[in-house]
Amino acid sequence: MVREKACVLISGSGTNLKALIKSSREYNFPININYIISNTKKAKGIKFAKLHNIPHRVLDLNKTIDLEFFFTDIKKKKISIICLAGYMKILNKKFINRFNKKIINIHPSLLPKYKGLDTFQRAIKNKEKLTGCTVHYVNNKLDSGKIILQKRIYIEPYDNEQTLKAKVQAKEYRAYSESIINIFR
Ligand code: GRF
């Protein structure tokens with residue numbers, strides 16, 4: 001099986017990246033993680049790139065020089081899909097147009113509810129009974145691209161931000177891999 005080549009963009013702990021790398025070790029998973037970009041060298045997730053010997057770079061994709069470097073590299077490496085995994089920067093239009101329909105993101109809410117930040121905190125404050133995660137294509141509007149897959153979880157009365165985050169993230173790891181399987185099926 002010929003696998004598509006993927007680039008994952010991170011900013012933080014990289015647990016979704018870790019889950020994607022794990023899935024990519026399964027024999028029938030449709031992508032390989034060939035490149036990892038972080039916008040900050042402080043991103044803990046970089047350790048997964050090092051651990052698995054995956055090429056990685058720290059780039060500011062809002063700077064023209066870094067963006068041009070990235071475009072060249074992506075072409076050279078024949079990357080065909082870009083996965084945002086906790087990437088906390090807004091991508092500029094040039095980037096999104098260049099990779100139109102080839103960028104996907106995972107978001108910790110049932111979109112279109114709770115776009116943006118602090119999704120767990122806001123869901124609890126609003127006494128929601130249900131939340132979850134969404135994998136979607138990235139377009140020029142924040143957290144608004146076409147939905148690929150959603151997974152739901154119930155918010156229990158005893159849940160707080162931390163317990164909710166743990167439950168949603170556990171679902172995210174499966175949701176992201178399942179979405180990628182769906183895209184290439
Ligand atoms: C995830 O909850 C994801 O939904 C959001 O950012 C978080 C990243 O976590 N976009 P990690 O860096 O993958 O651990």
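Just follow the structure's listing: the first ligand is 1, and inside any ligand the first atom is 1.
- Listed by chain and number, residues touching ligand 1 at under 4.0 Å (heavy atoms only) are S13, G14, T15, N16, G86, I106, H107, P108, Q169, E172.
- Using modelled atom types and a 3.5 Å distance limit, the side chains of Y35 and D73 yield a donor-acceptor pair.
- Under the side chain to side chain contact (heavy atoms under 4.5 Å, CB included) test applied with I180, the options S24, P30, S23 reduce to a single match, P30.
- A salt bridge is absent between D66 and R57; no separation between the charged side-chain nitrogens and carboxylate oxygens falls under 4.0 Å.
- Using a cutoff of 4.0 Å between basic side-chain nitrogens and carboxylate oxygens, K165 and E172 are not scored as salt-bridged.
- Looking at K151 and E178, a side-chain N of the basic residue comes within less than 4.0 Å of a carboxylate O on the acidic one, giving a salt bridge.
- Side chain to side chain, H107 and S109 meet the donor-acceptor criterion of an N or O pair below 3.5 Å.
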